[in-house]
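Report on the structure given below.
Bear in mind the structure is a predicted one, so any value in this text is a computation, not a measurement. Just so you know, these numbers use all the heavy atoms, side chains as well, and skip hydrogens, waters and symmetry mates. Order of the sequence lines fixes the chain letters, A, B, ..., with proteins taken first and strands second; residue numbering starts at 1 for each chain.
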Amino acid sequence: MKKTGEEIMDSEKRIISVSAVGLDAPGLVAKITGRVFKLGGNVIDVEENCRRGLFSIFLIVDFSASGSTIGGIEADLRGLERDTGLKVIISDYQDGSIGKENVAITKENHIVTILGIDQPGIIAKVSTFFADYNINIENCKMIARGTFFSMELVIETSNMVTKDATTHEQALERMKRELRELCTGLNQSVVIQSEDIYRRVKKLIVFDVESTLLQEDSLKNFLLHLKTDAGVELASLSEFKGIDMQNIVDNAKMLKGLPACDFQRFSNILDLNPGSIELITILKSMGFKIALLSSGFGMLIKKIFEKAGVDYAFSNTLKVDKDGNITGELEEPVITNLTKNEILEFIMNVEGINREQVIAVGDGATGSHFMKNVGLSIAFRPRSSEVVSDGVIGTSHIKDILFCLGVPKSDLEKVLDKKKQ
Amino acid sequence: MVSLHAGRLDLRLEVIPVSELRQHEQTLPETIKKLVIEFRNWAKLNNPVIVDANNIVLDGNHRAMVFKDLGYRYIVVCKLDYFNDDVLLRYWFRHVKGYREDDAGRLLGGMASEGATLEEMGSNALLQDALYSNPLSLGVHYKGSWVMVSYPGSIVPDAVAAYDKVRDLEASLSAAGYACDYIPWEDKFMSSILPGDLVLLTPHITKIMVVDASMQGKIFAPKSTRHVIPARPLNVNVPIAWLNENVTVTDINKKFDAFMSERDVRRFPPGQVIDGRFYSEEIFVFTDKITTIK
């Protein structure tokens, strides 16, 4: 078809958007892009998705080099409805970003992962929240749906309104805090992470053992055995409020004289939260290095190491005398919440990685220095509302951390099924 | 030379000529083959081999032999006092699961027909004591029986011959279709043996025997000694290319010392996991200088 003078448009006007939706079938992308190619179009952007048997595609096509008129191109593309059964929408495309290479650079993207028990209104409330902040949702996808819900959104915050904050950074922090509050109200967990190159190249996941992997009930039983069977009077044994392994470490002298083999036997009671070993195994198969930091003793660490294998694990060691009895002293250096950060720096140094490539999982307590300034920090079931982390997971399943890494539920189930076989 | 202090034991890191290493135990060809491929492609020697004052290799025997095979001039070693009480000489017991009763009878009968004296000791503890007193003897445990087997001096004249005998027994077990597991001696292992399992309690040779044999150029069968070293250095990470330079031992050590002075070292107590391995000993881990501790 020959172009008339009126039909010869400038290059911007010869860029059109094509979207098509309908029932999914093999070969749809080939039919659509094949037609575009025949018409002399060059695809400059595309996104295609299949969801529950439905197909959608969105293309931006430059027809500047095409010998056909825009009217002819549009008519030809509408013919795809007949050939594919899809509903095709064609419109002119005008966008300031075309041909401007630095648009992507000025963007400030974050990944927001929301997870919890499903209920109506989560997406509506969260998206309204972002709209109020003038935050653009660039992408949104479900990664788990059923009783359990998980959604990943890519948001763009460069044009976010600062409201009464003085700087953009302050506004960003306030937005994150308010989003956490909103999600807590919706009974949802939320994790926010920057979408930079490091998001895709995280290399090390470091767990605070006591607050994430250790089953709390087993710790209570362990302490009870220490008291009833070994007569150890630890300060925190009278009531189980706020007990943590740190209490025992702080009071290691109370264990003086206890045969190390008895302590080892009681330690067998210590157990892991369900799913911990599976989580470590899956993370390892995804190529992550795994590090465990424990301010408790090494018995549990050894158990995890023997069951799942980890790359790094640091814990405290009780000194034992020549008769096999605990002396009440700890081997130096003693690992505490304060020194965990130093150990993390040490591991990063050995591995030759930087802080942006680290994911830290703990309870997010204000003393968890190792969780600060890492690439992604996740507070798992925090005891306090004051947390130092990019997000909070309040569910009881430690494996839910995988959703924050973009692992879809269906993929996770496949891996777990394979492992069961 | 770099010195590290681990309680009562001093560790000394230095570079020595590969030709001065003394092998005390035979290597496994398949392990050597694997390591040769690895070392050809590695840029750094991560962990030094552990040697005594006479350069007898106590730990890292395969790595040492690979360095020899690849023609390297030098190797980094961690030198320690073998006779320090904290350095333990232990053994690998041979564990055979599901051993048939008639085979057990044949095994002991065969030993007796070779001239060995068989003595029922009554218990694990008594057998272990007897083996310490008779370090060239070996023990056999099967179905509640704890037997000490002592060969005449004409057959087992020394510690190396005692382990050659173990190797021969292993070969005959293998020929009969049995697989041997190498088990470090531990109370928890002895209590987990099933009634139908056979255990060969290997000769409880002494450190002096190991040194004497090595100094005479005699080499023990594979899996003879198990040295428990209370501390070890890790991640020394010396560029392997340096170890093939045509320089004097003094010069290479100067270069090594300068390199190590630019590195940090961090000590950890026993019970930590580094790079996927559990260390039941104290460890000294070297890293590049840590400049940012937040």
Exercise for review: Begin with the C-alpha distance, continue with both residues' side-chain angles, and end with the deciding distance and a verdict on side-chain contact (heavy atoms from CB on, under 4.5 Å) for Thr287(B) and Met348(A).
Suggested key: CA-CA 10 Å; Thr287(B) 63; Met348(A) 284 161 38; over 6 Å; no
Practice item. Return the option, out of Val273(B), Ile274(B), Asn237(B), Val285(B), with the maximum number of heavy-atom pairs under 4.5 Å with chain A. Key: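 Heavy-atom pairs under 4.5 Å are most numerous for Val273(B).
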Point to revise | Under 4.5 Å from a heavy atom of chain B, the part of Phe305(A) involved | key: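 Phe305(A) touches chain B through side-chain heavy atoms alone.
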Got more than 12 heavy atoms from elsewhere within 6.0 Å of [atom1], [X]?
{"X": "Lys256(A)", "atom1": "NZ", "answer": "no"}
{"X": "Lys255(B)", "atom1": "NZ", "answer": "yes"}
{"X": "Ile208(B)", "atom1": "CD1", "answer": "no"}

Review point. Would you call Phe346(A) and Asp264(B) a side-chain contact if the rule is heavy atoms closer than 4.5 Å?
Key: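 Side chain of Phe346(A) against side chain of Asp264(B), heavy atoms only: no contact under 4.5 Å found.
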Practice item. Answer yes or no: is there a side-chain heavy-atom contact under 4.5 Å between Thr317(A) and Gln272(B)? Key: yes
**Study point:** Atom group of Asp275(B) that falls short of 4.5 Å from chain A, counting heavy atoms
**Key:**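 It is both, since atoms from each part get that close.
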Practice item. Check each atom of Arg267(B) against the heavy atoms of chain A and say whether the ones under 4.5 Å are side chain, backbone, both or neither. Key: both
Exercise for review: Would you list the pairs meeting salt bridge (Lys or Arg N to Asp or Glu O under 4.0 Å) in which at least one residue belongs to residues 228-240 of chain B, sequence neighbours left out?
Suggested key: Asp59(B)-Arg232(B), Arg232(B)-Glu281(B)
Point to revise | Backbone of Asn349(A) reached by a side-chain donor or acceptor of Asp288(B) within 3.5 Å | key: no
Review point. CD1/Ile343(A) to CZ/Phe268(B) distance, rounded to the nearest 0.5 angstrom?
Key: 4.0 Å
Check your understanding: At their closest point, which heavy atom of Pro333(A) faces which heavy atom of Pro269(B), and how far apart are they?
Key ->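 Closest heavy-atom pair between Pro333(A) and Pro269(B): CD-CD, 3.6 Å.
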Practice item. Check the pair Glu282(B) / Glu331(A) against side-chain contact (heavy atoms from CB on, under 4.5 Å), numbers first and verdict last. Key: CA-CA 10 Å; Glu282(B) 189 175 340; Glu331(A) 295 269 10; 5.9 Å; no
